[in-house]
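Have a look at the structure below, then the notes.
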Amino acid sequence: MNQVIEILNDKQREAALTIDGPLLILAGAGSGKTRVLTNRAAYMISDCDVRPWNILAITFTNKAAGEMRERIDALVGEDAENIWVATFHATCVRILRRYIDKLGYDTNFTIYDTDDTVTVMKDVCKRLQIDTKQYSPKALLSTISKVKNEMMTPEDYLADAPWDYGRQQFCKTYAEYEKTLQKNNALDFDDLLLKTVALFQSQPEVLNYYQDKFLYIMVDEYQDTNTVQFELIRLLASKHRNICVVGDDDQSIYKFRGANIRNILDFEKVYPDAKVVKLEQNYRSTQTILDAANSVIKQNASRKDKALWTDKGAGNKVHFHQFDNAYEEAEFIADDIAGKRRRMEARYQDCAVLYRTNAQSRLLEERMIMEGIPYDVVGGVNFYGRREIKDILAYLKTIDNARDDLAVRRIINVPKRGLGATTLARIQDYALSHELSFYDTLGIADQIPQVAKAAGKIKPFVEMIETYRSKLPYLTLEQLIGDILKRTEYIENMDVADDVELQTRVDNIDELINKVIAFQDEHEDATLSQFLEEVALVSDIDNVDADADRVMLMTLHSAKGLEFPQVYIAGMEDGLFPSYMNITSDDPSELEEERRLCYVGITRAKDDLTITCARSRMIRGETQYNAVSRFVKEIDPALLDGSVPKTRVRETDIPGPSMSTYGREMAKSKPYASSPAARNAYAKPYIATAAGAGKTTAKSNVLTKGTDILDQKAPLDYGVGDTVRHIKFGTGVVEQINDGGRDYEVSVNFEKYGMKKMFASFAKLQKV
DNA sequence: CGTACTAGTCTTTTT
DNA sequence: GACTAGTACG
């Protein structure tokens, strides 16, 4: 049997060897699901004569996609490049760029992010004279998203309750919103999926093409799919039925984004002939941590029965501490991490602090800074959501897609060109009544009586954009951005409160330029459209650099799929986690989702788990007094230690203010500038985290899903200069071996295939 | 037209 | 408590 298959355990192997027909892999936390998926793909190619281009592997994050590709690459070699590994959204974009003209859009459509759609919606409300006090744009959008995810048009939705006035109003805005997007040649995130399904439904020959292309389909994190995603997969798989989905119903935490847990729970109903394999051996955590996770999750009623086990020992008890306030909690966590490091029990990068809400990061950050602990915050304000970044991207979008009104309107007066609201409103009215785009209207401003006198200010702008358009083929993206900044004197004209803010913004712009450079390095003939597309589809977690020795701070949601030796879950209080909204909800499934989130958090820990909470904390400017989280009480007390101390046990040799002093100080004074990242010498500013992101994302080791089994780094029986054999590449000479922490990265010069870099544990190189 | 203040908002958020 | 968007004023 193939070595790729041999290294799997019985259940994993059974899953990997099942190639044909529907397959559901119920993969508990840390059970090596990524390994099963990658080895399954490798097995198909090397042993079953499956062509790589007939395989589609779908994930939710770019990071997961990158990792999967890399690991398949290492197993099967360059053929793997033809496997289609991508996120749902990226997959759809790729298909739509080819065929969306059949639906009446331009193939260079723009993708609107959440901020963009809010702007559009505000506009729509104004136009339809909707009272935004009664229907907030955000709430409208969230309903639209839900309705869209159920694949209902405004007409469909209205048909359910045509007499309902509120629904009439809503459907009117929904329809107008859709119209606006279409006019702007723009798609929102939901549309990417929806339009692809629409394309498949209306164009049988396109669907047929992709059905015959993707003979084998794999979907990761299946518990998080929504109705449209389900339909997309169903359509693609309906002809050949080789559909393999992997997931864990206990880790479904995105219901609020439309994820439908029934997709995984009912898989066997949709595919009665489905084979089901349960992966229950956990390779990540100690028995104690698993027991704690199990004791929590078993309180949930609607779940598939599972029993995770491990052959790791019991390990440490789960530590639990309650503090008087959140400052003390933060201080304890920072001290504890510092202590572990001093005692050489852990490196910074082995530690992660998880919390329910992003706002909780601030206190933790402040304390990390005080103690000189390097850290990275994942999430919070998205890099691409920052004002200066959005501005520059709006310039690029304007140059790229003339129909993207939103982008044009964002920058028409940034930097200030002396155009006021009235002028812009007149242009907007004219554009609307004459069915012109905003940009085209700018071009004929001198012929419009009401705005003719502002035409002198508008003309240079239009000319500038036109110049860039004509020069586009001769400029690199880097040159283009540089020139825009120079010509518009963007930085000089930024209005900033102080030097710190100026520096942050300039740094962010620098970082954007770094990203552009990295992007061009990777894609030789990179176009502007491609860059904008990549940017539209990345998230914060994609840029995490796991190689840096830094503590990670992130929400429980962001932590899904990651693992750390030392995990802290902070703010375990009723009202915060589970959140107030879920406690008061009359829908019990809301609380179950919170419990799953808790389960996800606990199962991130490999060796040691610490749970903390505070009796009081400031939430939204108000001090709240919270009880210990009900989830903590669900953990078998025999698994816990350090229960509820009145005073903190402190590392005696740590200098610094006593805790109570610190708490009081922090409570009234604010020694730092507003943005922790901006003034933190220890925290790598966002910039640095993401620097060269294109290169670092894929190679992260510590954070990868399923590195679990590979913890022990086996010594290599070959060295530099030795000749080795690879299953796929044949023989070659080892040129270089790098110690990548968890694994060796080996560079081999193959006789037939040339230089390849691969991870030793995957490559299974044999010394010849 | 641009600035300065005030009022409202604020879970989570793979894309 | 912090940030942003909207409005009133100069």
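By convention in this document, chain letters (A, B, ...) are assigned in the order of the sequence lines, proteins followed by strands, and residues within each chain are numbered from 1. The structure presented is a predicted model; accordingly, all values stated were derived computationally and were not measured.
Taking Phe256(A) as the reference, Tyr254(A), His557(A) meet the ring pair (Phe, Tyr, Trp, His ring centres under 6.0 Å) condition, with sequence neighbours excluded. Take Tyr177(A) and apply the ring pair (Phe, Tyr, Trp, His ring centres under 6.0 Å) test, not counting sequence neighbours, and it matches no residue. When the salt bridge (Lys or Arg N to Asp or Glu O under 4.0 Å) test is applied to Arg604(A), no partner is found at least two apart in sequence or on another chain.
What separates CG of Asp224(A) from P of dT14(B) is a distance of 12 Å, to the nearest Å. Note: CG (Leu556(A)) to P (dT12(B)) measures 11 Å, nearest angstrom. Per the geometry, CG belonging to Leu537(A) stands 15 Å off C1' belonging to dT13(B), to the nearest Å.
The nearest heavy atom of DNA chain B to Arg417(A) and to Thr555(A) marks one nucleotide each, and the one closer to the 5' end goes with Arg417(A). Along DNA chain B, the nucleotide nearest Glu594(A) and the nucleotide nearest Lys457(A) are compared for position; the residue whose nucleotide lies closer to the 5' end is Lys457(A).
Between Asn358(A) and dT13(B) there is a side-chain N or O to OP1 or OP2 distance below 4.0 Å. Between Ser579(A) and dT12(B) there is no side-chain N or O to OP1 or OP2 distance below 4.0 Å.
Nearest nucleotide to the side chain of Lys122(A), out of dG6(C), dG1(C), dC1(B): dG6(C). In the set dT14(B), dT12(B), dC10(B), dC10(B) carries the atom at the smallest distance from any side-chain atom of Arg620(A). Distance from the side chain of Arg362(A) is smallest for dA2(C) among the nucleotides dA2(C), dT12(B), dT14(B).
Contacts between residues 244-256 of chain A and DNA chain B, defined by a heavy-atom separation under 4.0 Å, are made by Tyr254(A), Phe256(A).
Nucleic acid contact class of Asp190(A) (heavy atoms, under 4.0 Å, all strands): none. Contact annotation for Thr423(A): backbone-only contact, meaning every heavy-atom pair under 4.0 Å involves sugar-phosphate atoms and none involves a base. Backbone-only contact: Thr357(A) has heavy atoms under 4.0 Å from sugar-phosphate atoms and none from a base. Backbone-only engagement by Leu419(A) is indicated by non-hydrogen atom pairs under 4.0 Å involving sugar-phosphate atoms exclusively. Residue Thr422(A) is in sugar-phosphate contact alone, with no base atom involved, counting any heavy-atom pair closer than 4.0 Å across all strands shown. Residue contacts shown for Gly420(A) are limited to sugar-phosphate atoms, with no base heavy atom under 4.0 Å away. Using a 4.0 Å heavy-atom cutoff across all strands shown, Asn413(A) reaches sugar-phosphate atoms only and no base atom.
Put simply, the side chain of Ser579(A) never gets that close to the backbone of Leu576(A): no donor and acceptor are under 3.5 Å apart. The closest donor-acceptor contact from the side chain of Asn149(A) to the backbone of Ser145(A) lies under 3.5 Å.
Partner of Arg617(A) under the side-chain hydrogen bond (donor to acceptor under 3.5 Å, both in side chains) criterion, chosen from Gln624(A), Glu573(A), Glu622(A): Glu573(A).
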Find every protein N or O atom lying less than 3.5 Å from an N or O atom of nucleotides 3-9 of chain B, and list the pairs.
none

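No more than 12 heavy atoms of other residues, nucleotides or ligands shown are found within 6.0 angstrom of NZ on Lys138(A).
From Ile100(A), atom CD1 reaches atom CG of Leu187(A) across 4.5 Å, with rounding to the nearest 0.5 Å.
Phe531(A) does not carry Lys515(A) over the face of its six-membered ring by the limits of under 6.0 Å from the centre and within 45° of the normal.
With hydrogens and angles ignored, no donor-acceptor pair closer than 3.5 Å exists between the side chain of Arg356(A) and the base of dT11(B).
Within the structure, salt bridge (charged side-chain N to carboxylate O under 4.0 Å, His left out) contacts touching residues 140-149 of chain A (residues at least two apart or in different chains) are Lys148(A)-Glu178(A), Lys148(A)-Asp188(A), Lys148(A)-Asp191(A).
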